[in-house]
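We name chains A, B, ... by the order of the sequence lines, and we start the count at 1 in each one. Computed over heavy atoms, backbone and side chain alike; hydrogens, waters and symmetry mates excluded.
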Amino acid sequence: MRDFQFHRPSTVAEALHLLRQASAGKLLGGGQSLLPVLKLDMAEPSDLVSLSGVTELRGIRTEGNQLIIGAFTTHAEVAASAEVRAKIPSLARLADGIGDPQVRNRGTLGGSLAHADPAADYPAAVLGLSATVHTDRRTVPADRFFTGLFETALEPDEILTAVRFTIPQRAAYAKFASHASRYAVVGVMVAQYPGGVRVGVTGAGPSAFRWTAAESALTARFAPESLAGLTYPADDLTSTPEATADYRAHLLPIMTKRAVQTALG
Amino acid sequence: MSTTTHPSIPGSIGAAIPRREDRRFITGAGRYVDDIVLPHQAYAVIVRSPHAYAQIRAIATAAALAAPGVLAVFTGHDVAADKVGGIPCGWLVKSKDGSNMVEPPHPMLVKDRVRHVGDQVAVVIAESKAEARAAAQLIEIDYEVLPAVGTLQDATAPGAPAVWAEAPDNVCFDWDLGDKAAVATAMASAYKIIDIEVRQNRVIPNAIEPRAAIGHYDPAGDYYTLYTTSQNPHLIRLLLGAFVLGIPEHRLRVVAPDVGGGFGSKIYHYAEEAIVVWASKKLGRPVKWTAERSESFMSDAHGRDTIMTAQLAVDKDGKFLAFKVHNVANMGAYLSTFAPAIPTYLSATLMAGCYTTPAIYVEVKAVFTHTVPVDAYRGAGRPEAAYLIERIVDKAARELGIDRLAIRRKNFIRPDQFPYKTPVALEYDVGDYEATLALALKAGDYDGYPARRAASQQRGKLRGIGFSTYVEGCGIAPSALVGQLGARAGLYEAATVRVHPTGSVSVFTGTHSHGQGHETTFAQLVSDKLGVPFDHVDIVHGDTDRIPFGMGTYGSRSLSVGGSAIVKAIDKILKKGKTIAAHLLAVSESDLVWSRGEFRVAGTDRRKTIAEVAFAAYVPHNYPIDKIEPGLEESAFYDPLNFTFPAGCHLCEVEVDPDTGVVQVVQMVAADDVGVVLNPMIVDGQLHGGLVQGIGQALYEEAQYDESGQLLTGSYLNYGMPRASDFPFFNVSTHPTACTHNPIGAKGVGEVGAIGCPPAVINAVLDALAPLGVTDISMPATPEKVWRAIASAQAAASTRD
Ligand SMILES: Cc1cc2nc3c(=O)[nH]c(=O)nc-3n(C[C@H](O)[C@H](O)[C@H](O)COP(=O)(O)OP(=O)(O)OC[C@H]3O[C@@H](n4cnc5c(N)ncnc54)[C@H](O)[C@@H]3O)c2cc1C
């Protein structure tokens with residue numbers, strides 16, 4: 001890890017200013033993805049701008065049918081929040097299944113989404129729970145946020161401020177975790193809304209995606225049987241020594257079915 | 001965390017005393033190599049090869065040398081210029097034709113050709129670790145990448161690139177053991193021959209403390225000190241001093257302070273130990289190196305990695321008639337300290353298992369690959385043997401339609417057959433295999449299994465039960481025997497017992513504790529034998545300036561060999577003490593009896609405690625000076641007469657999710673005969689750790705190299721370390737039969753968990769999958785592998801229909 005300047009601003013505006021002043025600045029959330037990258041010398045920022053002092057990025061509240069979570073809210077806070085547990089219990093459970101307690105105590109919602117690890121859990125929730133991603137300058141709908149492997153719609157100097165999740169009638173997240181890393185090999189968030197069902201998938205491919213065929217089938221009838229015979233082409237999925245694309249294609253309908261079963265209670 | 005029963009043996013100590021060393025470990029007060037900071041210490045970073053096989057065309061160090069804080073950069077050219085020796089191998093194995101194994105050079109820093117990812121090419125030494133790291137990135141190496149062999153299959157394929165010119169077919173040695181002709185004869189007339197091929201997945205030891213070393217040369221006294229993460233400081237002193245740097249023993253001190261786990265990986269003499277000592281002399285400063293975790297993955301010796309094919313000849317009742325094994329074992333790119341001994345003397349010799357198979361023949365072909373060296377890892381050779389035997393025994397039972405336990409019982413060596421000479425060179429002294437099997441069945445409620453299976457089925461899960469009735473050979477080792485077998489060192493152990501003037505005791509042992517709890521168990525042993533309070537006994541280990549020349553800790557030898565040396569030293573103390581006590585009490589020695597720490601005049605209440613005797617020995621005003629010297633301190637060396645043979649039965653129950661292929665261990669029972677138990681709590685701990693590593697190997701862990709020799713599993717993101725949450729509570733118990741040839745009766749417990757358990761787990765998985773037509777699965781039985789096995793069995797079934 002190389003030397004860098006460390007800043008701890010207290011407002012978004014100040015953070016933006018510091019970020020733009022730096023020759024190669026980087027925002028720091030909980031550091032759970034960025035620090036491993038720094039330790040391997042895979043990034044060498046001149047300045048780290050920590051968001052830990054920016055109070056406006058914290059907090060969880062409900063507005064109408066939307067649950068709003070500040071970007072600098074830790075996974076542990078989401079998991080323990082009475083508000084989240086009451087409004088979208090599946091989201092609290094998802095957060096509770098990220099990594100281990102140390103990771104959950106430091107890692108943040110904003111950091112996870114900005115990092116856009118293809119095996120991270122939150123992306124499935126953002127897609128499945130019809131979320132909008134809010135930044136210092138605009139609002140990005142979930143479907144336009146994840147643009148590729150570790151890539152998002154965020155500009156290099158853009159700060160993710162909050163995520164608005166739409167409260168579903170019912171929802172559940174089913175995760176097939178990697179034994180080694182505990183990240184998702186396949187993670188599926190299924191959410192039922194009056195207008196239809198959404199299925200957000202993470203882990204399986206290079207970037208999180210919606211499984212539209214499953215959405216139509218489940219919109220027609222919200223039951224595990226509706227998925228019978230549905231398959232997903234392995235060609236588009238990721239292969240690693242731990243789990244080939246074929247295996248991920250096999251797991252996808254199974255985990256979707258399990259999410260539906262759990263949502264039905 | 002577990003249900004435990006350990007029957008006590010009359011005369012044994014047997015108290016579950018909490019480990020005295022845990023206070024410092026748990027409170028963060030342990031003192032590990034990386035905690036040691038010497039004045040003016042500099043920091044080394046090793047530049048490692050990113051390629052499996054490549055020629056170094058040029059290496060440019062000027063930019064690194066000019067970087068801030070950098071004190072020196074050394075390469076293989078500096079090592080060659082100083083005529084430094086290579087890293088030696090501790091065993092010489094000869095091929096069938098009598099020729100010596102191919103023993104390639106193993107330089108401390110490579111000058112010409114790198115031979116595995118992680119091979120050491122240069123060392124950068126700087127004022128701080130950060131500066132050394134930054135400068136290391138400035139070294140430019142021009143590599144000509146060469147075609148490599150990353151796996152055993154690749155290395156043995158016709159026309160494969162040769163790792164060493166002197167081994168054009170990559171064969172290091174081709175060795176055999178047993179009676180080939182007798183096996184052939186038995187096979188020819190057998191009722192049935194059971195065939196199997198099994199692979200031992202390659203595993204990475206993953207001690208919690210990464211390796212570290214500090215070299216310190218003191219020019220004033222021309223004296224060298226090495227602090228290192230070692231399981232055997234004297235062995236390192238011998239190898240480093242005599243073979244690599246040419247330093248006589250009296251000028252080299254090796255200290256292995258608290259060491260955070262080894263599992264074998266810290267037995268070996270590694271290049272980094274030599275590098276820091278050599279560099280310290282060149283620089284005139286202490287030099288410290290501490291591995292990063294990613295370095296551990298690519299530079300600690302790995303374990304296992306064999307492919308075995310075997311045939312078991314049986315009669316129609318399931319009696320074993322002959323067993324033939326062909327083992328191809330990966331050595332890696334260089335020969336690590338014990339490597340050649342693992343598939344041969346520590347594995348082939350165990351191929352009888354606990355059965356009376358009359359004819360056995362084993363061939364071992366050791367093969368070089370472009371991978372990090374492979375050497376002993378918890379169990380070292382015996383897990384390979386146990387796995388092969390227990391898999392093929394299950395297969396025989398299924399193919400013959402005989403109950404899996406019945407076929408084992410039919411072939412067990414019975415208690416009245418001991419001492420039992422096997423056809424593969426060993427003599428088992430004692431054992432009771434039926435007893436541990438019965439204990440496991442009872443502890444695991446075998447009778448209730450059908451109901452548990454039905455309950456799993458109700459939940460959509462496939463339940464299976466598997467057994468392994470294993471034996472292993474440890475307590476290494478009789479020196480004369482291993483000398484015949486190619487060991488270049490003796491394998492006795494040494495101890496010095498010093499009774500201080502007021503009766504407290506310091507014991508200096510050649511064994512090394514890095515998680516085993518010797519400071520507690522050895523103190524229990526001394527307390528019992530010498531009759532002094534436990535708290536008055538201190539166990540000293542790990543510093544060649546303090547301890548006698550002993551061989552260290554591995555092969556589950558510390559109590560049976562190292563403890564026996566302590567007992568022998570205590571015997572000498574008591575003999576001398578008796579002479580002193582007789583003098584003090586003015587009686588003859590034959591009038592004295594020794595009991596609970598006192599010499600008593602038989603039939604009277606006149607007595608002398610060991611403390612009174614010690615005081616007289618150090619203040620010899622009234623003393624039999626004509627007969628004996630003052631002082632009360634004795635040393636002993638103990639060379640065992642035989643190996644010890646722990647054995648037992650492991651019973652595993654798994655649930656398989658047929659949709660995803662996930663295997664969950666739902667019950668793990670270990671019923672072991674580890675000999676006399678000194679401290680049941682420590683025995684439990686050793687078993688738990690071994691079981692975790694055994695299940696880890698069976699289900700999760702695998703070091704994978706691709707065909708170009710890149711390590712695919714180089715971090716915890718993709719190397720499946722077992723975790724506490726993966727396991728049920730373990731159900732462990734012991735049934736001791738006392739070892740007949742050491743004074744303690746102990747056999748060894750360090751490795752049995754890792755040895756006995758993997759076949760029990762895989763046999764359970766195969767039992768669960770048997771209804772679906774699955775007959776084989778390789779370790780680790782990952783979800784995808786299980787899913788594929790189910791899918792291909794179903795496909796085969798549907799084409800048959
Ligand atoms: C051992 C381990 C296990 C893990 N397991 C899981 C798992 O099972 N599932 C899972 O989903 N994740 C897992 N993670 C990742 C974890 O969830 C991280 O918390 C998350 O990926 C990053 O969040 P962070 O707050 O730590 O961000 P950081 O690491 O601080 O930053 C990550 C990136 O986001 C940028 N960034 C941070 N905040 C903002 C913001 N507000 N606006 C714009 N950019 C921002 C940073 O500049 C950086 O590029 C694991 C991590 C570890 C170390």
Problem set entry | A/S178 OG to B/L717 CG distance, which is reported to the nearest 0.5 Å |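 Spacing of OG (A/S178) from CG (B/L717) equals 8.0 Å.
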Exercise. To the nearest 0.5 Å, what is the distance between CZ (A/R258) and OG1 (B/T660)?
Worked result: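 Going from the CZ atom of A/R258 to the OG1 atom of B/T660 covers 5.5 Å.
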Problem set entry | salt bridge (Lys or Arg N to Asp or Glu O under 4.0 Å) partners for A/D117, two or more places apart |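 Once residues adjacent in sequence are excluded, A/D117 has no partner under the salt bridge (Lys or Arg N to Asp or Glu O under 4.0 Å) criterion.
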For this session: Identify whether the distance between the nearest side-chain nitrogen and carboxylate oxygen of A/D100 and B/R723 falls below 4.0 Å.
Result: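 No, no charged N to carboxylate O under 4.0 Å.
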Exercise. What residue, out of B/T782, B/T713, B/D706, B/D726, has the most heavy-atom pairs lying under 4.5 Å from chain A?
Worked result: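 If we count pairs closer than 4.5 Å to chain A, B/D726 comes out on top.
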Exercise. Do you know which of B/A791, B/P722, B/P783 has the most heavy-atom pairs under 4.5 Å to chain A?
Worked result: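 That would be B/P783.
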Exercise. Can you name the residues of residues 108-115 of chain A that have some heavy atom under 4.5 Å away from a heavy atom in chain B?
Worked result: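 Listed by number, there are no contacting residues, so the answer is none.
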For this session: Sort by residue number and list every member of residues 219-250 of chain A having a non-hydrogen atom under 4.5 Å from chain B.
Result: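 Listed by number, the contacting residues are A/P241, A/E242, A/A243, A/T244, A/D246, A/Y247, A/H250.
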Exercise. What do the steps show when you test A/H179 against B/V662 for side chain to side chain contact (heavy atoms under 4.5 Å, CB included), and what is the final call?
Worked result: CA-CA 10 Å; A/H179 181 270; B/V662 169; over 6 Å; no
Problem set entry | Contacting moiety of B/N718, where chain A heavy atoms sit under 4.5 Å |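 Just its backbone gets close to chain A.
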Exercise. Is it the backbone or the side chain of B/Q704 that comes under 4.5 Å from a heavy atom of chain A, or both, or neither?
Worked result: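 Looking at B/Q704, just its side chain touches chain A.
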Problem set entry | CZ (A/R170) with more than 12 external heavy atoms under 6.0 Å |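 Result for CZ/A/R170: enclosed.
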Problem set entry | Exceeds 12 heavy-atom contacts within 6.0 angstrom, atom CD of B/Q457 |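 Open: at most 12 neighbouring heavy atoms sit under 6.0 Å from CD of B/Q457.
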Problem set entry | For chain A, which residues of residues 124-141 of chain B have heavy atoms nearer than 4.5 angstrom |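 Interface residues of residues 124-141 of chain B: B/R133, B/A134, B/Q137.
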